[in-house]
Amino acid sequence: MERAIKKYWPIFVLPTMIAFSIGFLIPFISGLYLSFCDFTTVSNATFTGLTNYVKAFSDTSSNFVNSLGYTALFSGISTVLINFLGLLVAVLLVRGFRGTHLFRTVFFMPNLIGGIVLGWLWQVILNGVLANYGVTLVTNEWYGFWGLMIVMCWQQAGYMMIIYISGLQAIPVELTEAAAIDGASAWQTLTRVKLPMLMPSITICTFLTVTNGFKLFDQNLALTNGMPSNRSQMLALNIYDTFYGRTGWAGAGQAKAVVFCLLVVGIAMIQLRLTRTREVQQ
Amino acid sequence: MNAVIGKADHKLTARGRITNMLLTIVFSVISVAYIYPLVVILINSFKVKAYISRAPFALPLDKMFASGTNYINGVAKTNFFDALKWSFVITVLSVFVILLCTSMCAWFISRVHNKWTKMIYLLCIFSMVVPFQMVMFTLSKTANVLGLNTPIGIVVIYLGFGAGLAVFMFSGYMRSSPISIEESAMIDGCEPLRTFFSIVLPILQPTYVSTGILEAMWIWNDYLLPYLVLDIKRYKTVPIAVQYLKGGYGSVDMGAMMATLVMAIVPIILFYLLSQKYIVSGVMAGAVKG
């Protein structure tokens, strides 16, 4: 069978692979190469070694290191908050009381609304509330930080809730019943039986929230656009600004992008390894 | 799953029933608060723009009421219905092409085992983690050179950039599904293409739905990729139209913005309410595959 299918590769694999090369592979490789070059367009690149990387880290107007810290802090806090909220709601909803279906529908809904729309929507609301205290989202970078945190929790907690609900429902009833017969309290059942069984879901959810936090762009652009003076700029927006906000900085932008890429891939791998080792066999 | 939710109600103790009732009340309050931001936007879309930032939580009464002017401005400034059309065309075409091409590719790489198919699989996984900023500059240049800066051309880009997730989802399913039916069909003389379309494709139906939903959610809401790839003077998608209202340096017409936000959100919510069963199960399936 394998040999018969093999001959058909131009039909089965080629279309996807051509598009994959255009949409990912070629841009990725040429992007990697360009990060070591001086260029304004793709065709006039000259090799300059690590100059771009030095320039990227010494950029003061869109401070890369500052953005990195801001993004890492955001990603860390949002991962904990979103997963805590999502899990809490999931644990309560699987109890099964009147209206659970409706509540689930409501909590998931913001996920379908795009980041740009969400950013503008919350800008009006948050600025409306902050106006009572004489400040706005861009008074300093921390208003933008917590504003963005509220937006992301509002949007993503429902998504994680869905994953946790399906994880909780996959736990065999025998396990929780056995725990109940052995006299375990609801809290003990949750922490000793359900949470260990839920580790695969926790792996996925933390993976999604950590990478979403690091890659965040649309909400950041629409909510504060990095203001005041690029201090609420997360990494993705910082790179975008370096590329398109200034002339002569494309090389440094590409170098930042490579560092960003290494960072996200590295964090994703470490995170998967960390939580995978805690998963239990059923 | 709805069978599970709510089935335990009748064997609860009195204390359990009271707890459940309290939970219903608490969650009702939270749900209302959850929807409240959307209601505020809806209210503000009927408010004269000068009052939107001054009194965002007030009802649009008397001199604050703007009737439909915000909507008229919003549609005129963003060319909203054009944007809606292009968003729709791009999303539908891209999802269709992605589902067809990547499911065929995934079947091939999970049935043929050699170093090439293994490499394709690993590359697909890798592409899912790489952030868009890594490729955005070179991708938009490549798209320009190849003339892919139209709503039809961008489908190729979406196929390339969305292939990772889709191939991953499809091959995740195929690895666990038995190969024997396909084998017996091919022994009976069915050639690979027919085997795929008459045997594999029907089995894959649930995976088509869940993958399609995940890809559609991404493409419909995507801002930066179409903004950089498309010739945006001629083609705007909905997120581009919303962000476009901000313009260059001038202040934003908040009235038009509110109306545009409402027009951007309403179709999504309608779609969600009609197909939420598939959306929720699509998200669940996507998570399990990980």
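Just so we're on the same page: letters track the sequence lines, and every chain starts at 1.
Neither the backbone nor the side chain of A/Ala131 comes within contact range of chain B; no heavy atom of the residue lies under 4.5 Å from a heavy atom of that chain. Heavy-atom distances place no part of B/Leu100 under 4.5 Å from chain A, backbone and side chain included. There is no contact between A/Val259 and chain B, counting heavy-atom distances below 4.5 Å. Heavy-atom distances place both the backbone and the side chain of B/Gln243 under 4.5 Å from chain A. Heavy-atom distances place both the backbone and the side chain of A/Leu32 under 4.5 Å from chain B. Contacts between A/Met17 and chain B at a heavy-atom distance below 4.5 Å involve the side chain alone, from C-beta outward. For B/Leu228, the part lying near chain A is the side chain, with the backbone staying farther off; criterion is any non-hydrogen pair under 4.5 Å. Interface remark: B/Met258 contributes side-chain atoms only to the contact with chain A (heavy atom separation under 4.5 Å). For chain B, the nearby parts of A/Tyr240 are the backbone and the side chain; heavy atoms of each come within less than 4.5 Å. For chain A, the nearby parts of B/Met136 are the backbone and the side chain; heavy atoms of each come within less than 4.5 Å. Only the side chain of B/Ile269 comes within less than 4.5 Å of a heavy atom of chain A; its backbone N, CA, C and O stay farther away. Using a 4.5 Å cut-off between heavy atoms, A/Phe103 touches chain B through backbone and side chain atoms alike. Heavy-atom distances place both the backbone and the side chain of B/Leu23 under 4.5 Å from chain A. When heavy atoms are compared at a cutoff of 4.5 Å, B/Leu148 approaches chain A solely by way of its side chain, counted from C-beta outward. Proximity to chain B (any heavy atom under 4.5 Å) is restricted, for A/Asp218, to the side chain, taken from C-beta onward.
The two residues B/Cys101 and A/Thr16 come nearest to each other via the heavy atoms O-OG1, 3.1 Å. Among all heavy-atom pairs drawn from A/Val13 and B/Cys105, the shortest one is CG1-SG, 4.2 Å.
Residues B/Phe132 and B/Phe161 bring their aromatic ring centres within 6.0 Å. If you look at B/Trp107 and A/Phe12, their ring centroids are closer than 6.0 Å.
Ring pair A/Phe24/B/Phe126 is perpendicular by interplanar angle, where above 60° counts as perpendicular and below 30° as parallel.
In terms of heavy-atom pairs under 4.5 angstrom with chain B, the leader among A/Ala257, A/Ala19, A/Gly31, A/Pro15 is A/Ala19. With chain B as the partner, the residue from A/Trp122, A/Phe107, A/Phe260, A/Phe214 showing the most heavy-atom pairs under 4.5 Å is A/Phe107. Comparing B/Phe196, B/Phe271, B/Trp220 by heavy-atom pairs within less than 4.5 Å of chain A, the highest count is held by B/Phe196. Listed options A/Gly253, A/Ser21, A/Gly167, A/Cys261 were ranked by heavy-atom pairs under 4.5 angstrom with chain B; first place goes to A/Cys261. Ranked by heavy-atom pairs under 4.5 Å with chain B, the first of A/Val258, A/Ile113, A/Leu262, A/Ile11 is A/Ile113.
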Side chains of residues 25-43 of chain B: which donor-acceptor partners sit under 3.5 Å, not counting sequence neighbours?
residue	atom	partner	partner atom	Å
B/Ser28	OG	B/Thr24	O	2.6
B/Ser31	OG	B/Phe27	O	2.9
B/Tyr34	OH	A/Trp154	O	2.8

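Not a single ring-ring contact (aromatic ring centres under 6.0 Å, His included) links A/Tyr164 to another residue, sequence neighbours left out.
The closest donor-acceptor contact from the side chain of A/Thr100 to the backbone of A/Gly96 lies at 3.5 Å or more, if one exists at all. Remark: the backbone N or O of A/Gln233 is paired with a side-chain donor or acceptor of A/Ser67 at under 3.5 angstrom. Between the side chain of A/Thr71 and the backbone N or O of A/Met234, no donor-acceptor pair lies under 3.5 Å.
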